[in-house]
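Working notes for the structure below.
The structure displayed is predicted, hence computed values, not measured ones.
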Amino acid sequence: MPRMHRSVWCNSPEAWIVRGVALALTFMAVSCALEPRRGYECLAPANAGGGWDLTCRTTTQSLNELGIVTEPFRVRNMPGAGGGVAFAHVVAERDADENVIVAASPATTLRLAERQFGDFGAEDVRWLAAVAADYGVIAVRHDAPWVDLRELLEEWKRTPSAIVAAGGSAVGGQDHMRLLLLTEQGGIDLRRVRYVPFDGGGEALTSLLGGFVDVIPADASEMLSQFRAGGIRILAVLARDRLGAPFEDVPTAREQGFDVEWLTWRGFYAPKGIGHEAYSRWVHLFEALTRSPEWEAAARRRGLFPMALSGAAFERLVMDQIRDFRRLTARLGLI
């Protein structure tokens, strides 16, 4: 990995007393090993306001604030093709760039499973780590007529053309997929589900607040600010159990008779050509982050929940998920 000029922080004794000695040792070892000639860049494969954007900004801010990385990150939004534009950019133009990482989630693996990234596949990048968990939710405006998920799906079944949904993913993407899983269980003809795709959850939320659509499948973290402000009502969380604050009063879909769960891991991949040493350094960096209590607190403030999986274990999760998604999309007629 390219080397950054050594800072006073890396060598000064003061760094040893910023936090506990054990934590400082871990952070300093990773920080000083990752010394780029230029700053780091985190690519968010969608517009501002969505989950990938949140992943980049929350994670890189914590990396800098905790001193794990002393060089500032640049966050760059690169929307298009459900993450495909950013994926192709990294594979075709940044293959040996050791300073770029890309935000990823099951939305990424789902598009790979559907072979929506052209000739590129999961093996064309290096899967680094998942640093937090998010969960799917079903949201409507605060003044919507439905008080729970069952009421919504019953009306949707009676008048499927009258209800319009939107999401921050392309047709066949993550938001569309979890919507189809729910409407399928509600007995709704999937061919009649009206879905409007946007490049990011922020745009989908704006369309909901503006009254242009009736419902959005999204992630809890994306809905956090409007949920707290009272602008939206969350009818269900797609988790096995109820989530913690501030979503503790929102029932799960399973509680309401619909067996649908959707865990959204939030993580990163890097270019394939960075080499083993650079790959290991990135993995160790994220391991240092997820071990810190400060990171867990920062993530929870943004509606995220603990999850730490890195290196080979994370890569296995990705490959297994792609295989499972291929079976699911075939069943739903999407491939």
Side-chain angles (χ1 to χ4, degrees), residues 42-47 49-56 76-95 100-130 133-136 165-182 190 193 195-204 216-219 221-222 238 260 262-272 314-335:
C42 185
L43 297 183
N47 289 321
W52 283 328
D53 183 68
L54 172 75
T55 302
C56 269
R76 179 181 176 191
N77 293 92
M78 187 175 285
V85 171
F87 198 94
H89 170 75
V90 167
V91 174
E93 301 181 35
R94 310 280 292 273
D95 186 58
V100 64
I101 57 174
V102 188
S105 70
T108 314
T109 53
L110 178 57
R111 301 304 278 172
L112 287 167
E114 295 170 340
R115 297 179 173 87
Q116 293 295 320
F117 291 173
D119 294 332
F120 300 133
E123 69 282 354
D124 291 317
V125 298
R126 300 297 304 273
W127 299 92
L128 297 172
D134 209 343
Y135 290 91
S169 69
V171 171
Q174 175 175 250
D175 289 349
H176 189 214
M177 175 69 73
R178 47 194 169 193
L179 182 72
L180 291 180
L181 290 173
L182 272 176
L190 301 187
V193 173
Y195 175 80
V196 181
F198 289 96
D199 264 326
E203 293 184 0
I216 59 172
D219 287 312
S221 63
E222 296 175 306
L238 306 183
V260 178
W262 197 282
L263 166 68
T264 302
W265 52 262
R266 299 217 168 273
F268 298 91
Y269 63 84
K272 182 178 181 178
F314 178 54
E315 184 173 5
R316 284 194 297 272
L317 169 70
V318 166
M319 298 307 174
D320 289 346
Q321 194 168 70
I322 290 173
R323 183 192 63 239
D324 293 342
F325 276 152
R326 281 183 180 149
R327 290 197 293 259
L328 180 60
T329 52
R331 180 174 70 79
L332 293 175
L334 295 174
I335 59 173

For residues [X] and [Y], determine if any side-chain heavy atom of one lies less than 4.5 Å from a side-chain heavy atom of the other.
X	Y	answer
L332	M177	yes
D219	R266	yes
L263	Y135	yes
L181	L238	no
F117	V91	no
D175	F198	no
F120	V125	no

Test side chain to side chain contact (heavy atoms under 4.5 Å, CB included) applied to I322 and V318, step by step: CA-CA 6 Å; I322 290 173; V318 166; 4.0 Å; yes
Pairing residues for N77 by the side chain to side chain donor-acceptor pair (under 3.5 Å) criterion, not counting sequence neighbours: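 Expected list: D53, R57.
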Sequence-distant partners of Y195, side chain to side chain donor-acceptor pair (under 3.5 Å), two or more places apart: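 S169.
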Audit row: T109, Q321, side chain to side chain donor-acceptor pair (under 3.5 Å) steps and yes/no: CA-CA 7 Å; T109 53; Q321 194 168 70; 2.7 Å; yes
Steps toward side chain to side chain contact (heavy atoms under 4.5 Å, CB included) verdict (T329, L110): CA-CA 9 Å; T329 52; L110 178 57; 3.7 Å; yes
Side chain to side chain contact (heavy atoms under 4.5 Å, CB included) evaluation trace for V102 with M78: CA-CA 10 Å; V102 188; M78 187 175 285; over 6 Å; no
Distance-minimising heavy-atom pair for [X] and [Y]:
X	Y	value
P271	R126	O-CG, 3.5 Å
W265	A130	CB-CB, 4.1 Å
W52	S105	NE1-OG, 3.2 Å
A81	D199	N-OD1, 4.4 Å

Aromatic ring proximity, centroids under 6.0 angstrom, W262 and F325: yes
